[in-house]
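Report on the structure given below.
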There are 2 protein chains.
Amino acid sequence: MASIPPGVLGALDPTSDRAAFRQIADQLREAIDKGRFKEGAKLPSESELVEHYGKTRMTVRNALGILQGEGLTVHEHGRGVFVRPRPPVKRLASDRFARRHRDQGKAAFVVEAEAAGSRPEVDSLEVREERSTPDISARLGSARKVLARRRRYLLDGKPVETAVSYLPLDIARNTPIAEPNPGPGGIYARLEELGHELDHFEEEVRARMPAPDEVKTLRLASGVPVIHLVRTAYDTDGRAVEVCDTVMSADAYVLAYQLPAS
Amino acid sequence: MASIPPGVLGALDPTSDRAAFRQIADQLREAIDKGRFKEGAKLPSESELVEHYGKTRMTVRNALGILQGEGLTVHEHGRGVFVRPRPPVKRLASDRFARRHRDQGKAAFVVEAEAAGSRPEVDSLEVREERSTPDISARLGSARKVLARRRRYLLDGKPVETAVSYLPLDIARNTPIAEPNPGPGGIYARLEELGHELDHFEEEVRARMPAPDEVKTLRLASGVPVIHLVRTAYDTDGRAVEVCDTVMSADAYVLAYQLPAS
DNA sequence: TAGTGGTCTAGACCACACC
DNA sequence: GTGTGGTCTAGACCACTAT
């Protein structure tokens with residue numbers, strides 16, 4: 001068993017009211033923040049920490065659990081505990097749905113990702129007709145049945161986002177929108193060809209901890225929240241023609257918006 | 001010790017590969033999701049769960065720790081574990097900085113909150129000159145020193161947001177902007193009076209788990225992420241005149257934006 | 001095979017809330 | 001005082017990774 005380099009971690013203060021496992025977590029957190037453990041570096045093993053602090057393994061594990069909950073570390077069974085690397089984030093610009101970005105043969109996600117030097121993938125593509133939920137109905141203005149397009153997006157092999165688009169059946173049924181591949185420019189281009197010229201989009205942004213199925217689908221490290229984004233597309237008649245419900249790994253994205261001052 | 005109503009929680013599957021504490025967490029999560037425990041309701045105590053499942057207290061506590069990490073429960077020392085109530089969220093509309101909302105005698109936060117039936121407060125107000133960080137300098141276009149305006153917002157006594165505004169000293173020094181109370185319409189109104197007519201704002205939105213000091217300041221329950229929002233205000237000359245760095249309790253807000261289609 | 005983290009037992013004492 | 005959750009001990013066995 002290797003030992004911990006001197007000066008990296010201090011000693012506990014037995015007179016403190018702060019629980020031992022919190023003090024240990026504080027010291028590890030500080031060491032990470034100050035770069036004494038760099039991104040991707042391995043923290044001391046549990047047995048090293050047990051020896052260093054003179055506490056039992058359970059206490060040390062509680063401390064490590066705090067860091068895990070804060071998203072600072074990833075724990076790999078049989079290997080060790082590592083400082084979680086901060087992956088490069090993808091910036092979603094406020095003009096990402098502008099018509100001028102739509103004249104490509106590829107989907108917007110693919111174009112943007114390749115421009116950023118990443119390897120994009122789309123999988124789990126599923127298109128089917130469904131009964132609408134009350135929330136989707138309210139946003140679409142009372143469609144009982146909808147066309148649902150589900151997919152998952154990956155960057156460099158890592159899942160980053162799931163999305164479900166809901167469209168009223170009277171618009172989408174028996175059109176290219178109901179095909180797995182809707183063609184160049186995506187469903188927004190098809191909607192405009194079908195006479196629904198797009199006017200604007202509304203997006204609602206929330207953040208929360210993921211549900212267990214989201215952890216699985218997005219392969220989320222523990223301590224990583226999700227951004228929940230619901231976008232509604234309106235045509236020039238003021239009709240809601242699509243609702244897109246998106247769940248994104250929060251460590252993969254930064255959203256950018258522009259707001260008018262007037 | 002009361003006992004658990006029959007049918008609410010099942011039994012463990014000893015043949016399953018899934019760890020006992022995960023199975024217990026699954027059953028409690030399902031019971032919460034299905035409304036068998038309602039918002040604010042008390043879950044069975046640890047000793048009740050120990051008896052029900054025939055596992056030790058440590059195993060039961062691990063299960064409860066999962067739910068806590070998911071933000072599903074709040075744990076109150078000496079009282080019990082409760083289903084976390086979903087507080088009403090405050091909707092931040094995309095036109096919230098429009099000039100027409102600025103002609104009030106009160107701050108925008110106060111006006112909106114009162115309209116929504118909440119009791120708003122602003123505290124921890126602090127205004128001072130500071131050295132700029134590299135990030136703020138880059139956003140403002142190289143101001144070495146800045147005026148920093150720090151404050152914390154509360155709704156009905158609960159802290160929901162901290163914000164720091166940074167303004168270049170050559171704009172803000174010796175103006176009402178440097179006063180604790182900048183007057184009606186806030187600093188944006190003062191900026192326009194000083195000749196910096198506002199053109200637009202840019203916002204960057206991220207989500208992450210809070211740092212320990214943010215947990216304290218915002219009194220965050222465990223399992224609640226924060227929304228980190230950085231807004232830059234530009235005047236009609238294209239100059240960045242303010243950067244506002246905001247950390248919001250993610251369970252208190254939903255952000256709404258409008259995007260153009262053209 | 002050795003080292004790592006994951007799960008679990010069976011206790012103990014403490015701090016806090018409520019009656 | 002009783003019941004609650006918070007902290008901690010001192011073990012045990014297992015599963016996974018690396019060599």
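Reminder, nothing fancy here: chain letters follow the sequence lines and each chain counts from 1.
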N-O pairing of [X] and [Y] below 4.0 Å:
X	Y	answer
A:Arg119	A:Glu121	yes
A:Lys216	A:Asp213	no
B:Arg231	B:Glu204	no

Query raised in the report: How would you label the contact of A:Arg18 with the nucleic acid (heavy atoms, under 4.0 Å): base, sugar-phosphate, or nothing?
Result: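 The residue A:Arg18 makes no contact with any strand.
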
Whole angstrom is fine here: how far is it from [atom1] in [X] over to [atom2] in [N]?
X	N	atom1	atom2	result
B:Arg61	D:dT4	CZ	P	14 Å
A:Leu64	C:dG6	CG	C1'	13 Å
B:Asp17	D:dC14	CG	P	15 Å
A:Ile66	D:dG6	CD1	P	12 Å
B:Tyr53	C:dT7	OH	P	17 Å
A:Asn62	D:dG6	CG	P	11 Å
A:His75	D:dA15	NE2	C1'	17 Å
A:Phe21	D:dG6	CZ	C1'	7 Å

Query raised in the report: Which nucleotide sits closest to the side chain of B:Arg22: C:dG6, C:dT4, C:dC8?
Result: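 Ranking C:dG6, C:dT4, C:dC8 by closest atom to the B:Arg22 side chain puts C:dG6 first.
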
Requested in this report: Check whether NZ of the Lys or CZ of the Arg A:Lys158 lies under 6.0 Å from the centre of the six-membered ring of A:Tyr153 and within 45 degrees of that ring's axis.
Outcome: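 The answer is no, since A:Lys158 fails at least one limit relative to A:Tyr153.
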
Query raised in the report: For nucleotides 9-19 of chain C, read 5' to 3', which letter fits each nucleotide if B means a protein heavy atom sits under 4.0 Å from the base, S means only the sugar-phosphate is that close, and - means neither?
Result: B--B--BBSS-

Query raised in the report: Below 4.0 angstrom from OP1 or OP2 of C:dG3, is there any side-chain N or O of A:Ser45?
Result: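 No.
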
**Report entry** N or O in side chain of B:Ser47 less than 4.0 angstrom from D:dG3 OP1/OP2
**Finding:**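 Checking B:Ser47 against D:dG3: no side-chain N or O falls below 4.0 Å of OP1 or OP2.
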
**Report entry** Closest non-hydrogen atom pair, B:Arg84 against B:Gly71
**Finding:**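 Shortest heavy-atom separation between B:Arg84 and B:Gly71 comes out as NE-O, 2.7 Å.
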
Query raised in the report: Ignoring hydrogens and geometry, is there a side-chain-to-backbone donor-acceptor pair from B:Arg150 to B:Glu126 under 3.5 Å?
Result: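 Not at all, since once roles are kept as given, no pair shorter than 3.5 Å links the two residues.
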
Query raised in the report: Ignoring hydrogens and geometry, is there a side-chain-to-backbone donor-acceptor pair from B:Glu214 to B:Ala211 under 3.5 Å?
Result: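 The answer is yes, because a donor-acceptor pair under 3.5 Å joins these two groups.
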
